[in-house]
2 protein chains.
Amino acid sequence: MKEIIKERAAQIDKALNEYLPSRDNPQSVIYDAMRYSLFAGGKRLRPLLMLETAKMCGGDENEIIPFACSMEMIHTYSLIHDDLPAMDNDDLRRGKPTSHIKFGEAIAILAGDALLNKAFEIVSEYNGANPQRTIKAISVLANSSGTEGMIGGQIVDIESEGHTISSDKLEYLHSLKTGAIIRSSCVIGALLSDATDEKINAVDEFAKNLGIAFQIQDDILDVTGTEDELGKPIGSDAEENKNTYVSLFGLEKSKELSALYSGKAKDALSVFGDKAEFLSQLTDYLINRKK
Amino acid sequence: MKEIIKERAAQIDKALNEYLPSRDNPQSVIYDAMRYSLFAGGKRLRPLLMLETAKMCGGDENEIIPFACSMEMIHTYSLIHDDLPAMDNDDLRRGKPTSHIKFGEAIAILAGDALLNKAFEIVSEYNGANPQRTIKAISVLANSSGTEGMIGGQIVDIESEGHTISSDKLEYLHSLKTGAIIRSSCVIGALLSDATDEKINAVDEFAKNLGIAFQIQDDILDVTGTEDELGKPIGSDAEENKNTYVSLFGLEKSKELSALYSGKAKDALSVFGDKAEFLSQLTDYLINRKK
């Protein structure tokens, strides 16, 4: 498992490096800043999910690397902007200074903008066999990162800070903020592998539940992890008066919920039979992770 | 001329309103913030150029409204982020409080992100007759707003503040910061009208020169305009130690240069004969504008 994750990450890193090389021009600092955050040690989880979903659906996962890279760029841009002083005001991310600490706020804002923009540069140059599906995949990508997806979730998160919200609202928040692009990563992998609607729906159901389980585990780790493991201060959610699964349900109940949703995720994969083995194991691995 | 500009702006406003209605959901504030800046009285110059270029090339300009709206969203997002405290720190834009003054910095950053993202949501749902050209147009759009386009120009602008730059560097800066999306607006209008390569190149040459003339006029107005006309304080460029055509060449020489480049722009349109009349007149109108 760990070996495959590592290999996939190396494959993505190589492709990201090709799509976003350093440049020697008057605006070179923007490339430096984009690369700084892009190569800050991310797990490449979303690309991994996209590629493995494609493989499970019988597609050639190497064909869709451009979409996998775009997804990672969108994820990275969201982290840069989330860390800004006006947002979460975080100085550390994965044990390294955040973008605005390293490059200043102006460059950090623009590096985020540029990564979002670059994602669409890359996919609009994608030369897939099925142009209809390509455009559909771009649309799924764009919608999942927008106001009814990731950005919408970020807004609800900001608006909820400092007062307790209902469990429905918390699920809504996370289904958008972290869930939407986890779902679209998997759905795009299926779409670009010419999967049937039935299989695309099964993939979507898997990803929806995995996203929730993943977020619960994230909230748990913010309480039970160590600073060394996480690369950021422990308890920062509580300190920022964030609503989390742990703050709402307590630690024990959160662990139960995480197991419940990861079970649902794995159940959704039954239509794929043996081919679902890797994603099923990955689900267990992710909700038992320590960082 | 003024009548046509007004009619086009009304057409774009109507379409923008349909693409971005208010929403009654937990993240409704993001829609409010996006709409606040989008409907703050912009001239809709880039959509106008796109639609009129399409018409000149024999296309149906009403077909490409989605691309025109996307372009205006990208222009608007760039203004919101430019105005942020970490960037130009402007409190007023077109006579109204800027986004971060009105909504706070976090929402302003996200409103910019969301408008950029929305632009790609819209074009990925565009149903044109020629999918090949549609994808090409998305690529032109994305590249013109990225690190080798608008964002690149913004970086060079930031890096140049406080020290004098060469005229070559100033032209490079503006060819990216304001020029790139003026060019792509026109090129997309031609592309989506199935124009020949020769005509696309002529349109590009027109737009390149128009963009420079337009920027020079912008710099001139920052010195000669009134706060009432511009909706922002006069002399703000000088106050921020910005490099402008006026600071580099003086007022008289800048006026000459503006006339020179607008002449070049009009010359480039000769291949279109009578059909170029509107864009030719628009060029004169733009470099004689007072705001």
Side-chain angles (χ1 to χ4, degrees), chain A residues 23 25-31 34 74 77-78 81 84-87 100 104-110 112-114 116-126 131-132 134-143 145-156 158-160 169 172-173 176, chain B residues 23 25-31 34 74 77-78 81 84-87 100 104-110 112-114 116-126 131-132 134-143 145-156 158-160 169 172-173 176:
Chain A
R23 295 276 178 109
N25 67 15
Q27 64 267 36
S28 62
V29 66
I30 191 74
Y31 295 97
M34 292 162 84
I74 288 178
Y77 117 77
S78 77
H81 282 191
L84 287 168
M87 309 272 220
H100 62 275
E105 228 180 302
I107 302 291
I109 293 167
L110 289 166
D113 296 347
L116 173 58
N117 196 91
K118 189 79 188 169
F120 291 103
E121 291 175 52
I122 292 172
V123 294
S124 66
E125 275 149 25
Y126 177 72
Q132 228 74 20
T134 301
I135 296 205
K136 177 72 186 159
I138 297 178
S139 172
V140 169
L141 177 69
N143 279 285
S145 54
T147 48
E148 295 297 312
M150 189 179 70
I151 293 175
Q154 174 68 358
I155 292 286
V156 179
I158 290 173
E159 301 271 292
S160 310
K169 189 93 171 261
Y172 178 77
L173 187 171
L176 298 183
Chain B
R23 295 276 177 109
N25 67 14
Q27 64 266 39
S28 62
V29 66
I30 191 74
Y31 295 97
M34 292 161 84
I74 287 178
Y77 117 75
S78 78
H81 282 190
L84 287 168
M87 310 274 219
H100 61 276
E105 229 180 301
I107 301 292
I109 293 167
L110 289 166
D113 295 348
L116 173 58
N117 196 92
K118 189 80 187 169
F120 291 103
E121 291 176 50
I122 292 173
V123 294
S124 67
E125 274 150 26
Y126 177 72
Q132 228 74 19
T134 302
I135 296 206
K136 177 71 187 162
I138 297 178
S139 172
V140 169
L141 177 70
N143 279 284
S145 53
T147 48
E148 294 298 311
M150 189 178 70
I151 293 175
Q154 175 69 358
I155 292 286
V156 179
I158 290 173
E159 301 270 293
S160 309
K169 188 90 171 263
Y172 179 77
L173 188 171
L176 298 184

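Values in this document were obtained by computation on a predicted structure and should not be read as measured data. Labels below follow one simple rule: chain letters A, B, ... track the order of the sequence lines, proteins then strands, and each chain is numbered from 1.
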*Asks:* So, do B:M87 and A:L110 sit near enough that their side-chain heavy atoms are less than 4.5 Å apart?
*Replies:* yes
*Asks:* Can you confirm whether A:V29 sits close enough to B:I158 that some side-chain heavy atom of one is under 4.5 Å from a side-chain heavy atom of the other?
*Replies:* no
*Asks:* Taking salt bridge (charged side-chain N to carboxylate O under 4.0 Å, His left out) as the test, write out the residues that go with B:E159, two or more places apart.
*Replies:* none
*Asks:* Any idea which heavy atoms bring A:S124 and B:S139 closest together, and the distance?
*Replies:* OG-CA, 3.2 Å
*Asks:* Determine whether B:L176 and A:Q27 make a side-chain contact, defined as any pair of heavy atoms from C-beta on separated by less than 4.5 Å.
*Replies:* yes
*Asks:* Assign the ring pair B:F120 / A:F120 to parallel, tilted or perpendicular, where the plane angle (0 to 90°) is split at 30° and 60°.
*Replies:* parallel
*Asks:* Chain B: which of A:I74, A:V140, A:I135 shares the most heavy-atom pairs with it under 4.5 Å?
*Replies:* A:I135
*Asks:* Could you tell me which portion of A:I151 (side chain, backbone, both or neither) has an atom closer than 4.5 angstrom to a non-hydrogen atom of chain B?
*Replies:* side chain
*Asks:* Quick check on B:K169 against chain A: is it the side chain, the backbone, both or neither that has a heavy atom closer than 4.5 Å?
*Replies:* side chain
*Asks:* For chain B, which of A:I138, A:V123, A:I107 has the most heavy-atom pairs under 4.5 Å?
*Replies:* A:I138
*Asks:* Measure the CG-CD1 distance between B:L84 and A:I109 for me, rounded to the nearest 0.5 Å.
*Replies:* 5.0 Å
*Asks:* About how many Å separate CG of B:N117 and CG of A:N117, when rounded to the nearest 0.5 Å?
*Replies:* 10.5 Å
*Asks:* To the nearest 0.5 Å, tell me how far A:Y31 OH sits from B:I155 CD1.
*Replies:* 10.0 Å
*Asks:* With rounding to the nearest 0.5 angstrom, report the CD to CG distance, B:E148 to A:N25.
*Replies:* 5.0 Å
*Asks:* When you compare the side chain of A:T147 with that of B:M34, does any pair of heavy atoms fall below 4.5 Å?
*Replies:* yes
*Asks:* Within a strict 4.5 Å, meaning less than it, do heavy atoms of the A:E125 and B:N143 side chains meet?
*Replies:* yes
*Asks:* How about B:L116 and A:Y77: do any of their side-chain heavy atoms sit closer than 4.5 Å?
*Replies:* no
*Asks:* How close do B:A86 and A:E105 get, heavy atom to heavy atom, and via which atoms?
*Replies:* CB-CB, 3.6 Å
